[in-house]
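In what follows, every chain begins at residue 1, and chains take the letters A, B, ... in the order their sequences are listed.
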There are 2 protein chains.
Amino acid sequence: MNKLSTLTERQREILRFIYNEIKNSQLPPSLREIASHFGFASVGSVQDHLKALVQKGFIKISEKKSRAIEIIKENIFSIPIIGTVQAGLPTLAVENIDEYLNLDDLIFSNMDVFGLRVKGDSMINAGIMPLDLVIVRQQSVAEAGEIVVALQGEEATVKYLKKTNGQYFLEPANPKYHSIPLTSEFSIIGIVLTVIRKLGK
Amino acid sequence: MNKLSTLTERQREILRFIYNEIKNSQLPPSLREIASHFGFASVGSVQDHLKALVQKGFIKISEKKSRAIEIIKENIFSIPIIGTVQAGLPTLAVENIDEYLNLDDLIFSNMDVFGLRVKGDSMINAGIMPLDLVIVRQQSVAEAGEIVVALQGEEATVKYLKKTNGQYFLEPANPKYHSIPLTSEFSIIGIVLTVIRKLGK
DNA sequence: AATAATACTATACAGATGTACGGTATGTCA
DNA sequence: TGACATACCGTACATCTGTATAGTATTATT
């Protein structure tokens, strides 16, 4: 597996610059633009670095096309997830990787998606804490059992959608709060796809 | 606002092609690549269409830069995080975006980071549920209060690190379980940076 | 009927760009 | 020591690319 740590400091800087250019201006840089950014007097320097990045499996370059630097996402935008922990840590065994977290899918997704910062503790027993970030897919219909984002006036709440005797309820995951019948003053604006919580550092 | 309906059939085709190229290959097409795709024998045709698209406000072109076609619209490369929800949804107001979800800081950092699938419910009151994915920074030391990943044999557990009377404990966030003194049979392999839970879809 | 916008072809050119080759210097590793 | 990777400079060149200009034909618009 290609690890970012196999790159030199300089190579990582170049890769980061390319990534940022693509992300910010949606346009990969030309060789001379890279040279200019790093103060190189020669394009040959850039050629060397790109050659190394290609060889180490982090980028792909189409021949005879300008700016055709493609970042190989699988090698960069993923974090190895280990299924069983071995005693051999901190040397991560490649064989233990059983899936990859691809954050890029989320970022580059074409779904109508937005993030919402959670207020309050009404979903605490579902593992959704105050200040958590929930990624929401915009949709006006939902099924019972799903965690939905409902709008009442300008107030957005995250709740379970529940159905009892044909009646829909917004149900909190906290005994402190009560279920609320889903009346016309509410509108469902999406369902929760992902919960993200950033801790230390 | 600029409506897509002000475009002609052909102009809409061109715009869609440009959009798809950027989205799929992360590389805007050159004029001749556009011409080739539509079977134009001349670049002048493309020039005309791009000129119209610029004039109607759908794209922006940087002069003297190859492939520098930028689509003016929502930024497809990031997820807007809305602080307060307006009644106007599902049309996301740009003014409400107060921050962007940025996961690449984590990825591009020099830290040695891996993911771990959580087993068991011992941290359920800290909002860490079974099958959650925790992103862990590898390090052998931690401070009291941090959520750590400890290794006992080949078993990895996620717990709070607590200090009482100079003695360290691994403390679960679930009254069902007890605190465990941090003895030599345990080794701390990292601290939890992020908690991620994928739900629906 | 006149004008403008649309939709193309054709050609020319400066400069932007990728590519190739060679060179220097430094540090790393066996 | 020698081989090798890294990290730069310098130069040359074919071609890719944007830009400009000119022309033809069709369709809308006034």
Side-chain angles (χ1 to χ4, degrees), chain A residues 2-22 25-72 75, chain B residues 2-22 25-72 110:
Chain A
N2 293 309
K3 276 191 185 173
L4 222 61
S5 54
T6 66
L7 295 180
T8 66
E9 192 84 9
R10 206 52 160 160
Q11 287 164 2
R12 203 177 300 122
E13 282 177 357
I14 307 268
L15 183 60
R16 177 167 216 157
F17 174 69
I18 295 170
Y19 173 79
N20 282 335
E21 285 295 301
I22 293 176
S25 59
Q26 300 177 29
L27 185 68
S30 68
L31 300 194
R32 281 163 184 85
E33 282 170 5
I34 297 173
S36 162
H37 178 265
F38 288 95
F40 297 156
S42 172
V43 276
S45 310
V46 181
Q47 286 177 299
D48 285 351
H49 286 123
L50 294 191
K51 194 176 159 191
L53 287 171
V54 167
Q55 200 172 341
K56 292 180 178 178
F58 289 92
I59 62 172
K60 203 165 62 183
I61 297 182
S62 303
E63 288 184 352
K64 300 201 169 237
K65 285 177 77 176
S66 68
R67 304 174 184 275
I69 305 173
E70 191 183 340
I71 291 181
I72 299 174
N75 292 340
Chain B
N2 294 312
K3 282 183 184 175
L4 224 64
S5 55
T6 65
L7 295 180
T8 67
E9 190 84 9
R10 207 53 161 158
Q11 287 164 2
R12 205 177 299 123
E13 280 177 357
I14 307 267
L15 182 61
R16 170 169 294 188
F17 174 68
I18 295 170
Y19 175 81
N20 283 334
E21 285 295 300
I22 293 175
S25 59
Q26 299 176 32
L27 184 70
S30 68
L31 299 195
R32 281 164 185 86
E33 283 169 3
I34 297 173
S36 162
H37 179 264
F38 287 96
F40 297 155
S42 171
V43 275
S45 311
V46 181
Q47 286 177 299
D48 285 349
H49 287 123
L50 293 192
K51 195 176 160 190
L53 287 171
V54 168
Q55 201 170 340
K56 293 181 178 179
F58 287 91
I59 62 174
K60 203 165 62 183
I61 296 181
S62 302
E63 286 183 354
K64 304 214 165 223
K65 286 177 75 175
S66 67
R67 305 174 184 276
I69 305 174
E70 191 183 340
I71 291 183
I72 302 172
N110 213 0

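The CD1-P distance, from A:Ile34 to C:dA16, rounds to 17 Å in whole Å. Rounded to whole Å, atom P of C:dA5 lies 16 Å from atom CG of B:Leu53. What separates CD of A:Glu33 from C1' of C:dG15 is a distance of 14 Å, to the nearest Å.
Using a 30° and 60° split on the angle between ring planes, B:Phe38 and B:Phe17 fall in the perpendicular class, above 60°.
Heavy-atom distances under 4.0 Å link DNA chain D to B:Val43, B:Gln47 of residues 36-52 of chain B, given in residue order. Contacts between residues 62-70 of chain B and DNA chain D, counted as heavy-atom distances below 4.0 Å, involve B:Glu63, B:Lys64, B:Lys65, B:Ser66, B:Arg67.
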| query | Checking salt bridge (Lys or Arg N to Asp or Glu O under 4.0 Å) for the pair A:Glu13/A:Arg10: CA distance, chi angles, key distance, verdict? | reply | CA-CA 5 Å; A:Glu13 282 177 357; A:Arg10 206 52 160 160; 2.7 Å; yes

| field | Stepwise side-chain contact (heavy atoms from CB on, under 4.5 Å) check, A:Gln26 with B:Gln26 | value | CA-CA 7 Å; A:Gln26 300 177 29; B:Gln26 299 176 32; over 6 Å; no

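Of all the heavy atoms in B:Ile69 and B:Ile22, the pair that sits closest is O-CD1, 4.0 Å. Nearest heavy atoms, A:Arg67 versus B:Leu27: O-CD1, 3.1 Å. For the pair B:Ser42 and B:Ala35, the tightest heavy-atom approach, listed with the atom from each and the gap, is O-CB, 4.1 Å.
A:Lys56 has its side chain within reach of A:Leu7: a pair of non-hydrogen atoms, C-beta onward, lies under 4.5 Å apart. Side-chain contact between A:Glu21 and A:His37 is absent, with no heavy atoms from C-beta onward closer than 4.5 Å. Residues A:Ile72 and A:Phe58 have side chains not in contact (no heavy-atom distance under 4.5 Å, counting atoms from C-beta outward). The closest side-chain heavy-atom distance from B:Ser30 to B:Glu33 is below 4.5 Å.
Evaluation of the side chain to side chain contact (heavy atoms under 4.5 Å, CB included) rule for B:Val43 yields B:Leu31, B:Arg32 as partners, not counting sequence neighbours. Legend: residues meeting side chain to side chain contact (heavy atoms under 4.5 Å, CB included) with A:Ala52, ordered by chain and number and at least two apart, are A:Gln11.
Scanning DNA chain D 5' to 3' for nucleotides with an atom closer than 4.0 angstrom to a non-hydrogen atom of chain A gives a first and last hit of D:dT6 to D:dT17.
Close to C:dA5, at under 4.0 Å from its OP1 or OP2, lies no side-chain N or O of B:Gln55.
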| Letter per nucleotide, 5' to 3', of nucleotides 25-30 of chain C [B base touched, S only sugar-phosphate touched, - untouched; heavy atoms, 4.0 Å] | ------

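When heavy atoms are screened at a 4.0 angstrom cut-off, A:Arg32 is found touching base atoms of the nucleic acid.
Within the model, atoms CD1 of B:Ile59 and CD1 of B:Ile71 stand 8.0 Å from one another, a figure rounded to the nearest 0.5 Å.
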